Amino acid sequence: MRRSVLAGAVPVVVLLALLQGCSKPQDCPKVAPAAEDSARPVAEEESYDCTSVDASDAPKQVWCEARGSFDQSSVADDVANFDAYLKGYRQGINDARRAETSQVAREVLEGQTEKPNEAGYRAGYQRVVEELGFLEYNCSDSEKASEYKDRWCEADDAYRIAGVGSSDNPFLRGRFIDGYMAGGRVALTVPTSMEAFFSGENPEGKQPAIYKREGDDVKPTEQAFYSGFDEGYKAMIASIRESINQVMQQMQVPNNMQMPEGLMPPQPGQ
């Protein structure tokens, strides 16, 4: 009976020692580490062999794209910069995929030192822009002029004035410019009615220039297209009206000049 009492007292002594602390290391009971702590996996650094890249493996493909871009960047002098560069690269791709405005300036300012994450972000964002085939021009460059560039720069000015979005958002700007070009072309197909040219409106009973969807589900890029269409349509109508006015002024005959019958221009009220 006495032995069982002592056996039950041993755990109590150990518990008291743990609560009160140990004066000597050899007096402290040894506690084995939990099995789940020793079996916890250690995170491995992400790395891939880029000698063969399969497009079906998206993480590897993006990693290899980022690595190739990093090696050509201004921050490649320190390989430790790659982790921050990769994180920025992926964020840039994600923002561009959602047509968000770039979080960093799309052009590096002269004399500015790039941070690894900013350099990666810019590279990832620009890659999406280029893969989607967005045309962009430097309108301050007087060389390599073309009719299309002139119209593009005209639409770019209208985009800035309209306040549709930031100049660092090529997706909104691109859709606005597409709409501007389309609006101008549609204006040229308006039925030959002086009412359309002089009033800027479609003849009564004719179909509208464009049908605009309404509702909360209209994406900002779609709304930018509609805004650009309106601006391009109105600009073309105004241009046509101005051209007609110039022609009419040139057709005016001096009062002292006699014109053969049948060639006289129509007089007001006729």
Side-chain angles (χ1 to χ4, degrees), residues 58 61-62 65-66 69-70 72-75 84-141 144-186 209-236:
Q61 183 179 17
V62 173
E65 288 175 359
S69 177
F70 171 80
Q72 303 296 322
S73 72
S74 62
V75 297
Y85 187 95
L86 175 63
K87 183 177 181 180
Y89 189 91
R90 284 173 167 160
Q91 185 62 49
I93 287 179
N94 190 54
D95 284 355
R97 181 184 61 82
R98 295 182 294 114
E100 297 287 344
T101 300
S102 177
Q103 296 182 18
V104 302
R106 296 189 60 214
E107 297 290 341
V108 184
L109 298 178
E110 186 176 355
Q112 182 181 15
T113 301
E114 286 190 292
K115 296 179 180 179
N117 63 322
E118 291 179 351
Y121 182 97
R122 184 179 294 107
Y125 193 94
Q126 184 62 23
R127 184 178 185 90
V128 175
V129 174
E130 293 175 353
E131 288 183 345
L132 292 178
F134 279 88
L135 285 176
E136 296 183 285
Y137 293 97
N138 180 7
C139 296
S140 61
D141 182 8
K144 299 180 180 178
S146 68
E147 289 294 336
Y148 184 82
K149 179 182 177 182
D150 290 346
R151 300 289 77 75
W152 191 96
C153 291
E154 176 185 306
D156 188 39
D157 286 339
Y159 173 75
R160 289 197 301 270
I161 295 172
V164 174
S166 168
S167 59
D168 283 331
N169 191 321
F171 307 101
L172 289 181
R173 182 176 66 176
R175 293 302 290 154
F176 180 95
I177 291 176
D178 288 345
Y180 191 96
M181 300 290 194
R185 290 193 299 271
V186 170
I210 190 173
Y211 172 75
K212 301 177 184 179
R213 292 198 309 118
E214 303 290 345
D216 297 336
D217 60 334
V218 178
K219 303 296 183 184
T221 47
E222 183 179 353
Q223 188 60 53
F225 180 88
Y226 293 145
S227 298
F229 185 96
D230 284 344
E231 294 298 326
Y233 185 89
K234 290 186 294 187
M236 181 58 71

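Just so you know, these numbers come straight off a predicted model, no measurement behind them. Residue numbers count from 1 along this sequence.
For the atom pair CD (Glu100) and CG (Leu172), the distance works out to 9.0 Å, reported to the nearest 0.5 Å. Here the straight-line distance linking atom CZ of Phe171 with atom CZ of Arg98 works out to 11.0 Å at 0.5 Å rounding. A distance of 8.5 Å separates OH in Tyr211 from CZ in Arg213, rounded to the nearest 0.5 Å. Separation of atoms CH2 (Trp152) and CG (Asp157) is listed at 9.5 Å; rounding is to 0.5 Å. Between Glu118 atom CD and Gln91 atom CD the span is 13.0 Å, to the nearest 0.5 Å. Atom CE of Met236 sits about 9.5 Å away from atom CZ of Arg185, to the nearest 0.5 Å.
Between the side chain of Arg106 and the main chain of Gln126, no donor-acceptor pair closer than 3.5 Å is present. Looking at Tyr159, its side chain does come within 3.5 Å of a backbone N or O of Ser166 through a donor-acceptor pair. Of the possible donor and acceptor atoms, none in the side chain of Ser69 sits under 3.5 Å from a partner among the backbone N and O of Ala66.
Residues Lys144 and Tyr137 form no side-chain contact, since every pair of their non-hydrogen atoms from C-beta on lies 4.5 Å or further apart. Using a 4.5 Å heavy-atom threshold, the side chains of Asn117 and Lys87 count as separate.
Checking each of Val129, Leu135, Ile177 against Pro170 for a side chain to side chain contact (heavy atoms under 4.5 Å, CB included) leaves exactly one that passes, namely Val129.
Using a cut-off of 4.0 Å between Lys/Arg side-chain N and Asp/Glu carboxylate O, Asp230 and Lys234 are scored as not salt-bridged. With respect to the salt-bridge test (charged N to carboxylate O, under 4.0 angstrom), the residues Glu147 and Arg151 qualify.
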For Arg173 and Phe134, what are the C-alpha separation, side-chain angles and deciding distance, and is it a side chain to side chain contact (heavy atoms under 4.5 Å, CB included)? CA-CA 10 Å; Arg173 182 176 66 176; Phe134 279 88; over 6 Å; no

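A donor-acceptor pair shorter than 3.5 Å cannot be found between the side chains of Gln103 and Tyr125.
The 12-atom threshold is not exceeded at CD of Glu107, counting heavy atoms of other residues, nucleotides or ligands nearer than 6.0 Å. Within a 6.0 Å sphere centred on NZ of Lys149, other residues, nucleotides and ligands contribute more than 12 heavy atoms.
Relative ring orientation between Phe229 and Phe225 is described as tilted, the plane-to-plane angle lying within the 30° to 60° band.
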